[in-house]
S.K.: 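Provided herewith is a single structure, encoded as structure tokens, for subsequent inquiry.
All residue numbers in this chain count up from 1 along the given sequence.
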Amino acid sequence: MCAQDLSVGYIANDLNARPMQDINKPSYLGSVNDPSFSNTTIRRISQVTPNGKIVPMYSTIQSWNANETLLILYEVGGGHRLLNGTDYTFIRNLNDINPDDLEGVFWHFTDPDILFYIDNTSNDLIRYNVSTQNKTILVNLKDASGCTDGITGGNDVQMMSWDSDVISFRCGNTSAYYYRISTNTITAFNISDINFTAPMPFPSGNLFYHNKKVYNASGNFVRDLNIDKGEHSCLGRLSNGDDAYFAIAFEEGPDGGCQGTLVAHNATNGICFSVTPTSDYGYPQSGTHISALAHKNTEGGWIAVSMMGYDLDGQDLLDQELFIAKVNENSADVYRVAHHRSDENEFDYWGEPHVTISPTGTRLLFGSDWSGSQDGTSVDAYVAELGGTTLTTETIQKKQIGLFPNPVKDNLHISSNIDIEQYTIYTTSGHRVMSSQLNAQKTIDTSLLHSGVYFIELSSNGSLQTFKFIK
């Protein structure tokens, strides 16, 4: 965990004109600085073919793993892609997973090797280790619930609880349930109109959101939220730790107020307020998506938002912009950080940026066709690296080193957010068997090693870090 103030170098609640300027699309793995928001570096992390599309899965789905050493993107027509989470190099296609929806892939919130998904064919809840590629069936949701219809997850919101313990699903359009992994229990929701979507767990795993309403762990109704109509949204936490529902609201709620491009609803008491009041930011922007999954930043309450806007030229306030917000119990500060430069015109849904915040909150993933002179040729994935948020402690750096696959057969891949100069491999008895400079591809040929357990020592700027792997 880390506590970082993401606002360093940005202006709180800035309403000044910051028109988008036409700049060249960065090369693959290259970067540019947004002239209107010079504190933000934008890096292109995919290299798609003409008219192709490589994008985030969705704003409510965490793209990075728990320690940000791995990253998942989605290639339209090609499936999920696993990348190094720090230098963004391609690792492999995740063609051995079969989720019930392209967005239904959930990283474990503390274990960087694990993700979960509901298998589209078998209806099994799968615990998948990305390093070993081993799959563990936790439960067959169809058998456990007695469902005789199709099993699927949520709709606009698809999430797990932040303790990686609770996942929700529905049986056709007739009933909905949640499964708690730690107790191997299924709980049915008392909902008369499923409305083709399953309730989704808030971070606590003890409250659930469904169709403008909050339900408790017994599956019973608790309260209505002050929402006129369900729109794009995300579940997260306020800075005080309360479960919260974040959404765009084009109209005021039934009880008045709570209208804006970003509105925060406290799920524990139903109180809501506009993070971007219409008196300051104008009528809510079209094409708004929200990501509230900065779960490792202990400051709490950090949210990322992307907007398409109405003019689609990046000249007006919030038009084609990304912003972050620190949302407290009754107040918030907004920090505009970049233009995403995507107007959606040629690509419709796939041209929407679908901003996704990293677990520490220090990076924002988004898709863009890079509107301007290169408009409409393809949609690539980009990362906006926020200016004042470098991870500096040795502990965090160590956690951001990964070995893949593990166990390994021929080639061991090193993913790291720091420069690795030298590696040395030892047997468990301390005998050195390999030592060399790490190549540019960060791969080590282990084909000549005998099967067994080894330790690898990595050298960086005079410091040594040791990890275990299996051949």
S.K.: When rounded to the nearest 0.5 angstrom, what distance separates CE in Met20 from CG in Asp313?
M.R.: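 Rounded to the nearest 0.5 Å, the CE-CG separation comes out at 7.0 Å.
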S.K.: Do the side chains of Lys53 and Val48 get nearer than 4.5 Å, heavy atoms only?
M.R.: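 Side-chain contact under 4.5 Å: no.
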S.K.: Can Ser46 and Glu75 be said to form a side-chain contact (heavy atoms from CB on, under 4.5 Å), step by step?
M.R.: CA-CA 10 Å; Ser46 66; Glu75 181 177 12; over 6 Å; no
S.K.: Out of the candidates Leu318, Ile324, Asn13, only one should pair with Arg336 under the side-chain contact (heavy atoms from CB on, under 4.5 Å) rule; please name it.
M.R.: Leu318
S.K.: Hey, are the side chains of Gln259 and Ser274 touching, using non-hydrogen atoms and a 4.5 Å cut-off?
M.R.: no
S.K.: Do Lys135 and Asp124 meet the salt-bridge criterion of a basic N to acidic O distance under 4.0 Å?
M.R.: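 So Asp124 does not pair with Lys135 through a salt bridge.
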S.K.: Can you tell me if Thr362 and Gln4 form a side-chain donor-acceptor pair at under 3.5 Å?
M.R.: no
S.K.: Within a 6.0 Å radius of atom CD1 on Ile137, are there more than 12 heavy atoms belonging to other residues, nucleotides or ligands?
M.R.: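 12 or below, so no.
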S.K.: Over 60° means perpendicular and under 30° means parallel, so classify the ring planes of Tyr74 and Trp350, tilted if in between.
M.R.: parallel
S.K.: Hey, would you say the His354 and Tyr349 ring centroids sit under 6.0 Å apart?
M.R.: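 For His354 and Tyr349, the ring centres are under 6.0 Å apart.
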S.K.: Is there a donor in the side chain of Thr174 and an acceptor in the side chain of Asp149, or the other way round, less than 3.5 Å apart?
M.R.: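 Asp149 and Thr174 do not have a side-chain donor-acceptor pair below 3.5 Å.
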S.K.: Between His289 and Tyr58, does the ring centre distance come in under 6.0 Å?
M.R.: yes
S.K.: Has Thr276 got a side-chain atom pairing as donor or acceptor with Thr261's backbone, closer than 3.5 angstrom?
M.R.: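 Side chain of Thr276 to backbone of Thr261: a pair is present.
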S.K.: Just so I know, are the side chains of His80 and Pro99 near enough to count as touching, which here means a heavy-atom distance under 4.5 Å?
M.R.: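 Yes, at least one pair of side-chain atoms sits under 4.5 Å.
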S.K.: State whether a side-chain donor-acceptor pair under 3.5 Å links Ser38 with Asn33.
M.R.: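 No pair is found: no donor N or O on one side chain lies under 3.5 Å from an acceptor on the other.
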S.K.: Is it true that Thr40 and Tyr10 share a donor-acceptor pair across their side chains at a distance under 3.5 Å?
M.R.: yes
S.K.: Distance alone, cut at 3.5 Å: any donor-acceptor contact between the side chains of Tyr128 and Asp96?
M.R.: yes
S.K.: Taking the side chain as every heavy atom from C-beta outward, state whether Ile191 and Tyr215 have any pair of such atoms under 4.5 Å apart.
M.R.: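 Yes, side chains in contact.
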S.K.: What verdict does the side-chain contact (heavy atoms from CB on, under 4.5 Å) test give for Leu73 and Ile45, after you've listed the backbone C-alpha separation in whole Å, the side-chain angles of each residue and the deciding distance to 0.1 Å?
M.R.: CA-CA 10 Å; Leu73 298 177; Ile45 66 168; 4.0 Å; yes
S.K.: Would you call Glu68 and Arg363 a salt bridge, using N to O less than 4.0 angstrom?
M.R.: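 Salt bridge flag = yes for Arg363 with Glu68.
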S.K.: Going through the distances and angles, do Asp5 and Lys326 end up as a salt bridge (charged side-chain N to carboxylate O under 4.0 Å, His left out)?
M.R.: CA-CA 9 Å; Asp5 182 0; Lys326 177 66 179 298; over 6 Å; no
S.K.: Determine the sole option in Tyr245, Phe202, Phe221, Tyr178 for which the ring pair (Phe, Tyr, Trp, His ring centres under 6.0 Å) test with Phe208 is passed.
M.R.: Tyr178
S.K.: Mind listing the closest non-hydrogen atom pair of Pro35 and Ile23 along with its distance?
M.R.: CG-CG2, 3.8 Å
S.K.: Look up atom CG in Asn297 and atom NE2 in His295, then write down how far apart they are to the nearest 0.5 Å.
M.R.: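 Asn297 CG to His295 NE2: 10.5 Å, rounded to 0.5 Å.
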S.K.: Using side-chain heavy atoms (C-beta onward) and a distance below 4.5 Å, is Ser145 in contact with Phe169?
M.R.: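 The answer is yes; the side chains approach within 4.5 Å.
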S.K.: Which distance, rounded to the nearest 0.5 Å, do you find between the CE of Met200 and the OG1 of Thr60?
M.R.: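 It is 9.0 Å, given to the nearest 0.5 Å.
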S.K.: If you look at every heavy atom in Ala267 and Leu207, which pair is closest and at what distance?
M.R.: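 Scanning both residues, the minimum pair turns out to be O-CD1, 4.0 Å.
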S.K.: Any heavy-atom pair between the side chains of Tyr283 and Phe250 that's under 4.5 Å?
M.R.: yes
S.K.: My understanding is that only one of Tyr117, Trp64, Phe116 makes a ring pair (Phe, Tyr, Trp, His ring centres under 6.0 Å) with His108; could you say which?
M.R.: Phe116
S.K.: Rounded at 0.5 Å granularity, tell me how far CZ in Arg127 sits from CG in Asn134.
M.R.: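 One finds 10.5 Å between CZ of Arg127 and CG of Asn134.
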S.K.: Go through the side-chain N and O atoms of Asn328 and Asn240 and say whether any donor and acceptor fall under 3.5 Å apart.
M.R.: no
S.K.: If you define the side chain from C-beta out and look only at heavy atoms, does anything of Gln62 sit under 4.5 Å from Phe106?
M.R.: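 In short, these two side chains do not touch, never coming nearer than 4.5 Å.
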S.K.: Starting at CD of Gln285, measure out to CD of Gln320 and round the result to the nearest 0.5 Å.
M.R.: 10.0 Å
S.K.: Side chains of Asn195 and Thr197 only: does a donor on one sit below 3.5 Å from an acceptor on the other?
M.R.: no
S.K.: A side-chain contact here means heavy atoms from C-beta on lying under 4.5 Å apart; do Val305 and Val275 qualify?
M.R.: no
S.K.: Could you tell me whether Glu385 and Arg43 make a salt bridge, using a distance below 4.0 angstrom between a side-chain N and a carboxylate O?
M.R.: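 Here Glu385 pairs with Arg43 in a salt bridge, since their nearest N and O are under 4.0 Å apart.
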S.K.: Have a look at Trp107 and tell me which of Asp113, Leu70, Ile114 forms a side-chain contact (heavy atoms from CB on, under 4.5 Å) with it.
M.R.: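 So, applying the side-chain contact (heavy atoms from CB on, under 4.5 Å) to Trp107 and each of Asp113, Leu70, Ile114, only Leu70 qualifies.
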S.K.: With rounding to the nearest 0.5 angstrom, report the OG to CG distance, Ser342 to Leu322.
M.R.: 10.5 Å
S.K.: Assess the residue pair Glu231 and Val263 against the criterion (side-chain contact (heavy atoms from CB on, under 4.5 Å)); give the C-alpha distance rounded to whole Å, side-chain angles, the decisive distance to 0.1 Å, and a yes or no.
M.R.: CA-CA 11 Å; Glu231 303 284 358; Val263 175; over 6 Å; no
S.K.: Return the minimal non-hydrogen interatomic distance between His413 and Asn84, and the atom names on each side.
M.R.: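 Closest approach of His413 to Asn84: NE2-ND2, 4.1 Å.
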S.K.: Please confirm whether the backbone N or O of Leu312 pairs with a side-chain atom of Asp343, one donor and one acceptor, at under 3.5 Å?
M.R.: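 Pair absent, no side-chain N/O of Asp343 close to backbone of Leu312.
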